[in-house]
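Worksheet: the structure to be examined is printed underneath.
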There are 2 protein chains.
Amino acid sequence: MNFQQLKIVRETVRRGYNLTEVANALYTSQPGVSKNIKDLEDELGVELFVRRGKRLLGLTEPGKELLETVERILRDAQNLRNIADQFASREQGSLTVATTHTQARYALPEVIKQFKARYPQVHLALHQCSPREIVEMLLAGEADIGIATEAIEGVAELVSFPCYSWHHAVIVPQGHALTQLPALTLDAIAAYPIVTYHEGFTGRAHIDKAFAAAGQAVDIVLSAIDADVIKTYVEIGLGIGIVAPMAFNPAKDTGLALLAADHLFDDNTTRLAVHRGVYLRDYARQFVTMVAPGVDEKVLQKALNGGE
Amino acid sequence: MNFQQLKIVRETVRRGYNLTEVANALYTSQPGVSKNIKDLEDELGVELFVRRGKRLLGLTEPGKELLETVERILRDAQNLRNIADQFASREQGSLTVATTHTQARYALPEVIKQFKARYPQVHLALHQCSPREIVEMLLAGEADIGIATEAIEGVAELVSFPCYSWHHAVIVPQGHALTQLPALTLDAIAAYPIVTYHEGFTGRAHIDKAFAAAGQAVDIVLSAIDADVIKTYVEIGLGIGIVAPMAFNPAKDTGLALLAADHLFDDNTTRLAVHRGVYLRDYARQFVTMVAPGVDEKVLQKALNGGE
DNA sequence: TATCCTTACGGAATTCGTAAGCATG
DNA sequence: CATGCTTACGAATTCCGTAAGGATA
């Protein structure tokens, strides 16, 4: 048994049981991949993969059971390297954060500025992607930290911490009729075409839920990934927007007005997530505490080691 | 990084940093051991061991931090083999139980008889040793299951379950003066020379504690590992015995009488322990439920995966 | 001086990639 | 017939043991 064999098993599952792809991904030859799998199966005395003829189709029962442990071993092997790096150069290394447009654009810049000042030697990579992709990256070990409002909770392999809570707000052109209302209602909003987030992004589910609960049909004329797009179309009069309030900048968005709607939509909690059982370098822990203020060393330590 | 290097690191710590011993233990050459350590240190970029000149003295800070993960990786590697064996042959394999004389001689025979009948193909090895050695064996992965009354609780790496509780009893020759007393007292016992267990065995601490709390000095004329020795000397009149009651067999120990002393000594709980994070084969789980009746599949599953 | 570790070197074993062959959709 | 896996074989690399050398209690 060796690490290469285990890596191949993991990658085979991830790549949908295509050994040619696995070989490419691991920069090795395809026959080598085949042989490694066969050797490991021989050593363990069980078939890991279901085959039809020569093709691999999926994991056998023992394969499924073994996979978890294989993944933990490989994660731990990576942990060894990370721990060693931590001691070799405390202030140096890299940190990959996967997050959504909303966080990257509005919530994180301040934190990142501070982090960069504190750890100038750390190479910080910010990956903008969808909430689901964030989860994927964390699971695959391609990102150290994920930050999003959606998709994070309920993934057993991840530990997550709340960063901050917020409510959607309505954004309209300056002087819009809605600005005259004493208090916003769902009915009033639904009278206009709506521009808001795509499904699966930035609390969209809570928006749908509120209207559905009110039995109110809504005309969503544009669903976008990010608030900048939404604001653009609100500004040209396509409809009114429902956005995260941190996307509104009074100084810059002079043609627009933000109307609070805390009472209309459920609140959203943006969360930070890491993979259970990973070792976080000091600077990564620091980053976590900067983004999720309720988290201190003890909480983090406990959460990382399987607690919670 | 490879498994051999990790094994060498683990074994180096276990063998007190003597690489020659490590080489022997792992059936390899000593220069090979040196090289493997050096290679791993080079790859990780940190020194794992503190050296004076050429000798190794202990772990460095990074070494200590890394060791835990190294041990988990190696344990998981063993888990892979065990899981595979489980599927390859569900009813076949081996099970190593480390336990004390008291359990092996009086508590376990019945269980083992049943187990053998149920799993005739499983090679069951029973290691009789001291409670501390039991813990050592579990920590080193040399035993799958440990059963003892002492030393098990308070070892963080182990999960343990209560098997049964019992109180020490007094054993005297037939017709002894103590048999005439309506109720036994510590004072009455302390008037005689005492024959009982060695420190660290079979609840001895509770015996000392009871007398200490009563301010009663006792004359322990013989301390033995097992009740058979104790009974032998009680029978020849060396003193009176304090033993675990399951050691008394009315049919066979005809020259002796057992006197209950539940009210005099704290109760003892015999516990079964396994190493946290190990994979237990089906038959091993079965063995656990046979010995620790309160434990079912769910409890066990949860306990093995890091939860309390 | 005995113990213990390192370096050096040569042989053995393993690994790995290329080429060829075969099954499957 | 293109894709995907296996077998076969030779080269390269890695691994491992022996021998010799140096430091330390």
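Each chain gets a letter, A, B and so on, in the order the sequences are listed, and its residues count up from 1.
Residues meeting the ring pair (Phe, Tyr, Trp, His ring centres under 6.0 Å) test with A:Phe201, sequence neighbours left out: none. Take B:Tyr279 and apply the ring pair (Phe, Tyr, Trp, His ring centres under 6.0 Å) test, not counting sequence neighbours, and it matches no residue. Residues satisfying the salt bridge (Lys or Arg N to Asp or Glu O under 4.0 Å) test with B:Lys35, not counting sequence neighbours, are B:Asp39. Partners of A:Phe87 under the ring pair (Phe, Tyr, Trp, His ring centres under 6.0 Å) rule, at least two apart in sequence or in another chain, do not exist in this structure. Not counting sequence neighbours, the partners of B:Arg118 by the side-chain hydrogen bond (donor to acceptor under 3.5 Å, both in side chains) test are B:Glu91. Remark: B:Glu21 engages B:Arg15, B:Asn18 in a side-chain contact (heavy atoms from CB on, under 4.5 Å) (not counting sequence neighbours).
A heavy atom closer than 4.0 Å to some atom of DNA chain D occurs in no member of residues 14-22 of chain B.
Proximity of B:Phe3 to B:Leu74: side-chain heavy atoms (C-beta onward) are separated by under 4.5 Å at one or more points.
One atom, CE of A:Met1, and another, C1' of C:dT14, lie 17 Å apart when rounded to the nearest Å. Here C:dC16 presents its P atom at 14 Å from CD1 of A:Ile37, a figure rounded to the nearest Å. Note: CG (A:Asn2) to C1' (D:dT13) measures 14 Å, nearest angstrom. For the pair B:Asp42 CG and C:dT6 P, the computed distance is 12 Å after rounding to whole Å. Rounded to an integer number of Å, the gap from A:Gln30 CD to C:dA20 P is 16 Å. We find that CD1 of A:Ile8 is positioned 14 Å from C1' of D:dC5, with the value rounded to whole Å. Atom CD of B:Glu47 and atom P of C:dT6 are 10 Å apart (whole Å). Distance B:Asp39 CG to C:dT6 C1': 13 Å, rounded to the nearest Å.
Between the two ends of the helix from C:dT1-D:dA25 to C:dG25-D:dC1, each summarised by a five-pair axis, the helix axis turns through 40° (rounded to 10 degrees).
Within the 4.0 Å cut-off from OP1 or OP2 of D:dT7, not a single side-chain nitrogen or oxygen of A:Ser34 is found. OP1 or OP2 of C:dT18 has not a single side-chain nitrogen or oxygen of A:Ser29 nearer than 4.0 Å.
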Report all interatomic pairs (protein N or O, nucleotide N or O of nucleotides 8-10 of chain D) with separations under 3.5 Å.
none

Pairwise N/O distances under 3.5 Å, protein to nucleotides 21-24 of chain C:
residue, atom, partner, partner atom, Å
C:dG21, N2, A:Lys54, NZ, 3.4
C:dT24, O2, A:Arg55, NH2, 3.1

Stepwise ring pair (Phe, Tyr, Trp, His ring centres under 6.0 Å) test for B:Tyr283 and B:Phe287
CA-CA 6 Å; B:Tyr283 56 74; B:Phe287 188 92; 9.6 Å; no
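Look at B:Arg72 and B:Asp76 and you find no salt bridge, because none of the NZ, NE, NH1 or NH2 atoms lies under 4.0 Å from a carboxylate O. Between B:Asp226 and B:Arg105 there is no salt bridge, since none of the side-chain N atoms of the basic residue sits less than 4.0 Å from a carboxylate O of the acidic one. Taking a cutoff of 4.0 Å between a charged side-chain nitrogen and a carboxylate oxygen, A:Lys38 and A:Asp42 qualify as a salt bridge.
If you take CD on B:Glu47 and CD1 on B:Ile37, they are separated by 11.0 Å, rounding to the nearest 0.5 Å.
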Give every donor-acceptor pair under 3.5 Å between a side-chain atom in residues 141-153 of chain A and any protein atom, sequence neighbours left out.
residue, atom, partner, partner atom, Å
A:Asp144, OD2, A:Thr96, N, 2.8
A:Thr149, OG1, A:Thr270, OG1, 2.9
A:Glu150, OE2, A:Gly203, N, 2.4
A:Glu150, OE2, A:Arg204, N, 3.3

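Ranking D:dG17, D:dT7, C:dC5 by closeness to the A:Lys38 side chain, first place goes to D:dT7.
Within the structure, the side chain to side chain donor-acceptor pair (under 3.5 Å) test picks out the following pairs touching residues 48-63 of chain B (sequence neighbours left out): B:Glu41-B:Arg51, B:Glu61-B:Lys64.
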